[in-house]
> 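Below is one structure. I have some questions about it.
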Amino acid sequence: MFLQLVIKQIKEQFKSLTFYLFILILVLFYITNFVSDINLNSKDSLAPLTGEEYASMNKQPYWGSTPIIYLSEKIEHIIVLLQRNISNKKIDRYIIGIYKGKNLSANDIVFLTDSIEQLEALKSVPIEAETEERFFDLLDSIDEHFSGGTYFGKQKRESVLVQPRTYEEALVEFTSFLDFPDRLTRVYARLFSDYMGICAGFFPVFLVAFLLIKDKRSRMAEIIYSRQFSSSVYVLSKFTGVFISICFIFFAIASHATIVFAIIAWKYNYVIDYFAFYRYTLYWVIPTALFTSTMSFFIATLTGSGILAILVQFGLWISSIMSLHGDYRITKYVIRFNALEPYENFKQFSTAIAVNRIFITILSLIFLILTMLIWSVKRGRVNDVFSASSLLNRLQHKITDK
């Protein structure tokens, strides 16, 4: 019975317009982000372009960026940025991921000018831990002055404390991608998982938020109850059918990425890991999709409102996707690694990511169990007829047993 219900739910998904809109969103996100990234400023071999190749295309050379290491250079870099802000009389801010530029008032300009003087003073101080702490305190004060959301805050400052990379540096890094343990596909699979994880963190909500509510509105619930279906079997089969459909799409997109890299590997004689995109999808993306689905399922079942589930999930999603790199606390169900970096740079986070993924998976299963329990409680309260019938049946069994 369970398997039949699961298959029925999968078939219903592939007949649903919402499901095809979900597929369209994922495919467009994949093409406009990941596919465009791997084609941007690169040969079909994925090796970096030379300066001459850029010049032949009338483009400015760009080989990415690398973190600024020395504190004195970080200070100088921030001073230049602040001077540019003062010159433009504007500072960039992002509120809930949305750009909100702020025009500088006379007071703001005085504040930034004073901040530059304090930073200049730091340049003459011997480089010590206290100096670095003072430097970051100054950046925090700038961010706080503008009520957060600037590139000087903790969440975004890593993205500006960088400097242009040279062609030689870019070539050395790309060569390291071809060697073990990255085998080219693993480094790109991490970027792929970053983008697909963003989608998994929100869009599945539209498929699961109204699952049980739709049945209730169509009075399917009463039919199901009258047939004495187990609540757990019913809820679990509905969820499993939808979740299998969701996973199928993510793995289908991972298959396309694998084929693209297989063609590149064949053409340039690269040795790649043909299962990298599948493994990272299973390990990285699927736990996020599981949490989104079970959390939405739980809220919608508890409150009877699919809209509320969408709103709550949206708030969680926005708060979780802000940090692009390095934040893998267990409270973040969407994890980001928005960079093409070798495994040497990634492995420092591997343990934290593993703990995060295990915790998110366990938490998701708890939400699923709670959803089944809530549905079981509500099942006995569909109407007085079923409540009375259920009570009479239980009493009848007790009398028979005696």
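Start at 1 with the first residue, then count along the sequence.
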> Do Y30 and Y195 have their ring centres less than 6.0 Å from each other?
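No, too far apart.
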> Looking at K59 and E53, is there a salt bridge between them, counting it only when a charged N and a carboxylate O are closer than 4.0 Å?
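No, E53 and K59 are not salt-bridged.
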> Using modelled atom types only, decide if a donor and an acceptor are shared between the side chain of S176 and the backbone of E173 within a distance under 3.5 Å.
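Yes, the answer is positive, given that a donor and an acceptor are paired below the 3.5 Å cut-off.
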> With heavy-atom distances below 4.5 Å as the criterion, would you say the side chains of R186 and P181 are in contact?
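A side-chain contact exists here, since the closest heavy-atom pair is under 4.5 Å.
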> Would R357 and T288 satisfy side-chain hydrogen bond (donor to acceptor under 3.5 Å, both in side chains), going step by step from the backbone distance to the final call?
CA-CA 8 Å; R357 297 293 82 185; T288 298; 2.7 Å; yes
> Answer with yes or no whether the side chains of D108 and S105 bring together a donor and an acceptor at under 3.5 Å.
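Short answer, yes.
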> Taking the basic N atoms (NZ, or NE/NH1/NH2) and the acidic carboxylate oxygens, is any pair closer than 4.0 Å for D92 and K102?
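Salt bridge absent between D92 and K102.
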> Is there a donor-acceptor pair under 3.5 Å between the side chain of R93 and the backbone N or O of G149?
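No; zero donor-acceptor contacts below 3.5 Å.
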> Can you tell me which residue among V377, L236, T301 is in a side chain to side chain contact (heavy atoms under 4.5 Å, CB included) with M372?
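With M372 as partner, side chain to side chain contact (heavy atoms under 4.5 Å, CB included) holds for just one option, L236.
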> Run the numbers on Q118 and L122 for side chain to side chain contact (heavy atoms under 4.5 Å, CB included), then give the verdict.
CA-CA 6 Å; Q118 292 183 60; L122 277 181; over 6 Å; no
> Does the side chain of F248 reach to within under 4.5 Å of the side chain of F14, using non-hydrogen atoms?
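Counting from C-beta outward, F248 and F14 do come under 4.5 Å.
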> Please indicate whether Q348 has more than 12 foreign heavy atoms, meaning atoms of other residues, nucleotides or ligands, lying under 6.0 Å from its CD.
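Yes, enclosed.
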> Are K74 and F135 in a cation-pi setup, meaning NZ or CZ lies under 6.0 angstrom from the ring centre and within 45 degrees of the ring axis?
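No, K74 does not lie over the aromatic ring of F135.
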> I'd like to check the ring-ring contact (aromatic ring centres under 6.0 Å, His included) partners of F146; sequence neighbours left out, ordered by chain and number.
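Not a single residue meets the ring-ring contact (aromatic ring centres under 6.0 Å, His included) criterion with F146.
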> Any side-chain heavy atom of V110 within less than 4.5 Å of one from D114?
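The answer is no, as the side chains (C-beta and beyond) never meet within the 4.5 Å cut-off.
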> With no hydrogens and no angle check, just 3.5 Å: does a side-chain donor-acceptor pair link T150 and D143?
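Indeed, the side chains of T150 and D143 share at least one donor-acceptor pair under 3.5 Å.
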> Answer yes when K267 and D44 have at least one side-chain N-carboxylate O distance shorter than 4.0 Å, and no when they do not.
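So K267 pairs with D44 through a salt bridge.
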> Tell me, do C247 and I286 make a side-chain contact under 4.5 Å, heavy atoms counted?
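Contact flag for C247/I286 side chains = yes.
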> How far apart are the C-alpha atoms of E341 and R190, what are their side-chain angles, what is the distance that settles it, and do they pass the side chain to side chain contact (heavy atoms under 4.5 Å, CB included) test?
CA-CA 9 Å; E341 294 184 10; R190 291 193 284 273; over 6 Å; no
> Does F34 reach the side chain of Y188, with side-chain heavy atoms less than 4.5 Å apart?
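The answer is yes; the side chains approach within 4.5 Å.
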